[in-house]
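Note sheet for the following structure.
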Amino acid sequence: MVTLDHASTTSNFIRNIVQEDLDAGRVTEVITRFPPEPNGYLHIGHAKSICLNFELAHDVGGKTHLRFDDTNPVKEDVEYVQAIEGDVRWLGFSWDDLCFASDYFDEMYRRAVLLVQKGLAYVCDLNSQEMRELRGTLTVPGQDSPYRNRTVHENLDLLERMKQGEFPDGAKVLRAKIDMASPNLNLRDPVLYRITHATHHRTKDAWCIYPMYDFAHPIEDAIEGVTHSICTLEFEDHRPLYDWIVEHCEMPSRPHQYEFARLNMTNTVMSKRKLKQLVDEGVVDGWDDPRMPTISGLRRRGYTPESIRNFAREIGVAKSNSIVDGRMLEYFVREDLKLKALRTMAILRPLKVVITNYEEGKVEWLDAENNAENEAMGSRKIAFSREIYIEQDDFMENPPPKYFRLTQGTEVRLKHAYFIRCEEVIKNDMGEVVELHCTYDPETKSGSGFTGRKVKGTIHFVDVQHAQPAEFRLYEPLLLDEDQKDDEFLRHINPRSLEVLRGYVEEGLQDLQPYTKYQFFRHGYFSVDPQRFDALHPVFNLVVPLKSSYQL
RNA sequence: UGGGGAGUAGCCAAGUGGUAAGGCAACGGACUUUGACUCCGUCAUUCGUAGGUUCGAUCCCUACCUCCCCAGCCA
């Protein structure tokens, strides 16, 4: 017996159903599918669905298809097909079969003809306005179309002529003949085919009629032998229609549809429409802007596939609408990068320090481990000399209580180096601190075992002569509020979602190339931006800051 | 107010007639050459509300409340 035992996956109602189906012998092999429409980019919400479908099938030795639901040529494009394939692969999944709804257009047409022959579908000449009027309302039943009783012969002829291109867009549709009085609006003679004279990205001009989702999707699933067709909650009341199509089209296999709640997260938006709006209105730089919750945005930001997969597993799968705290995603990327990223020093807001008792012209190369929690990552040498940069925040003239960093007359430890004491503060005409004069104590060298004195704080630094200029792009959530009204979300844009700083990193940073992740001490995890890559002047995207129990 | 769903901690989320898993967040404390990490501890006498059945209900029954979805020739 096949058993679900994914180590870190707790049970959810869909896994329970799959297990029961397996136990009861209703299915012998589980086949799931991820069915995006190639009309936009994938986001973290899709990642939830991708992980669910692929991992579920994988865990019971089943298969998963990547299927493009390309039934609407006016919105779709190959560009999206390629981007989607790349995103799914990047997330770490391999599909067992790559499918396109458009590959089944012939089969779908034959099934439509079958429905007509059985008297279960008819060609309707009503325009969309008229159709809406006859559909009734939530509380008022609809009325039959005047074309509802055309003969099978006439319908067959009309459908064929629709296919042949005899009629203009919108002139006729093929409708299922179900029940205009059904309390479920989806059953009030839903449209199965519409006329659209448009070039399809794959079938080109072979067709001028295209199947609607409700007709196409169950047929696609059945053709592929999909056993568990998982979609989101809004399709719940389409399920009776899904089952109707599978049954009356006499599909040899019986897929079943299950619905789960789509992902929502705090401080961001998750609909294609809103994401597109952010791009179109220039709020962000594009679909792969590191602030976007798109897969491409997260990738560019520096998120890892592992972190996204772990996140997807941990948030669970259920039927109640919910909003996941964005900090959960951050937790998983910190967790993933903790032992993988090189821990180095970077100064984002430089303040020059002159160590007045340090010999001029001398340079020391100090030992520094690359990751104190992962010895296998080895160590490197870092430069130390008379002039260094420290972080502006690490010095205050009038510090608040419990400030463990540098102040005039106090001592701190420089990570990997020595204790320094601030002796003098140099200011410019405006009274701003521009330089510090400090002294160091040679006896306190890091690794020497010095225990003579204790200091409260350890700060990081970069040697001036061996500092490499770098750009740091810091990000905050795109939206300030969590529950924006649909059309007002643009008013809640966080004006500080991006902050660009110019500072320094250690010279000769190991493995400096696009997407390399570093932990910059006391700041956070950063990833080398692939679009602006320049080894001499690297740009680092803040993936996620380190947690901190102290706020200035 | 027709139909379909959902209500378990600040946020996700298991569980299901036998007395509330886990994660995130938060808060204490220990440790610390990252105010990080790690460790230890705290965090639902209660499962939308009110009744009922039962020895016993978050789970079964009844009523009610709240929220979400559906009137595209989009998916």
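Throughout, protein chains are lettered first and strands after them, A, B, ... in sequence-line order, and every chain is numbered starting at 1. All values below were derived from every heavy atom in this structure, side-chain atoms included, with hydrogens, water molecules and symmetry-related copies excluded. Values in this document were obtained by computation on a predicted structure and should not be read as measured data.
Counting heavy atoms from C-beta outward, A/E79 and A/Y41 have side chains that approach closer than 4.5 Å.
An OP1 or OP2 oxygen of B/A13 is reached within less than 4.0 angstrom by a side-chain nitrogen or oxygen of A/S322. The shortest distance between the side-chain N/O atoms of A/S320 and the OP1/OP2 oxygens of B/C67 is not below 4.0 Å. For the pair A/T139 and B/G3, the criterion of a side-chain N or O lying under 4.0 Å from OP1 or OP2 is not met. Neither OP1 nor OP2 of B/A6 sits under 4.0 Å from any side-chain N or O of A/R262. When the side-chain nitrogen and oxygen atoms of A/K319 are compared with OP1 and OP2 of B/C69, none of them lie within a distance under 4.0 Å. Distances shown here put every side-chain N or O of A/R239 at or beyond 4.0 Å from the OP1 or OP2 atom of B/G4. The phosphate of B/A75 (OP1 or OP2) has a side-chain N or O of A/T71 nearer than 4.0 angstrom. Considering only side-chain N and O atoms, A/R194 lies under 4.0 angstrom from the phosphate OP1 or OP2 of B/C74. Dashed line: the shortest gap from a side-chain N or O of A/R132 to OP1 or OP2 of B/G72 is under 4.0 Å. A/N321 has no side-chain polar atom (N or O) that falls below the 4.0 Å cut-off from OP1 or OP2 of B/G7.
Contacts of A/K402 with the nucleic acid, taken as non-hydrogen atoms under 4.0 Å apart, include base atoms. Residue-level contact check: A/Q551 touches neither bases nor backbone, having no heavy atom under 4.0 Å from any strand. Note on A/G447: a base of the nucleic acid sits closer than 4.0 angstrom, heavy atoms only.
The A/N12 side chain lies nearest to B/A14 when the options are B/U38, B/G15, B/A14. For A/Y213, counting side-chain heavy atoms from C-beta on, the closest listed nucleotide (B/U34, B/A75, B/G3) is B/A75. Checking B/A75, B/U34, B/G23 against every side-chain atom of A/Q519, the shortest atom distance belongs to B/U34. Checking B/C73, B/A25, B/C11 against every side-chain atom of A/R327, the shortest atom distance belongs to B/A25. Checking B/A75, B/A21, B/A14 against the side-chain heavy atoms of A/A318 singles out B/A14 as nearest. For A/L138, taking side-chain heavy atoms from C-beta onward, the closest of the listed nucleotides B/A71, B/G35, B/C74 is B/A71. Closest to the A/K547 side chain, of the nucleotides B/G35, B/C37, B/C12, is B/C37.
Between the base of B/G35 and the side chain of A/R405 there is a donor-acceptor pair shorter than 3.5 Å. Donor-acceptor pairing under 3.5 Å, judged by distance alone, is present between the side chain of A/D237 and the base of B/G3. For a distance-only test at 3.5 Å, the side chain of A/E373 fails to qualify as a donor-acceptor partner of the base of B/U38.
Note: A/H238 and A/Y213 have perpendicular aromatic rings, judged against thresholds of 30 and 60 degrees for the angle between ring planes. Taking the six-membered ring where tryptophan is involved, the planes of A/F520 and A/F526 are tilted, since the angle between them lies from 30° to 60°.
Atom CD of A/E369 and atom P of B/U34 are 10 Å apart (whole Å). Between A/L192 atom CG and B/C73 atom C1' there is a gap of 12 Å when expressed in whole angstrom units. The distance from atom OH of A/Y331 to atom C1' of B/C11 is 15 Å, rounded to the nearest whole Å.
Each of A/R175, A/R148, A/K172 was checked for a salt bridge (Lys or Arg N to Asp or Glu O under 4.0 Å) with A/D125, and the lone residue meeting it is A/K172.
A/R334 forms no cation-pi arrangement with A/Y525, by the criterion of a distance under 6.0 Å to the ring centre and an angle within 45° of the ring axis.
Ionic pairing of A/R33 and A/E220 is not present here: no N-O contact between side-chain nitrogen and carboxylate oxygen is shorter than 4.0 angstrom.
Taking a centre distance below 5.5 Å and an interplanar angle below 30 degrees as the stacking criterion, A/F404 stacks against the six-membered base ring of B/G35.
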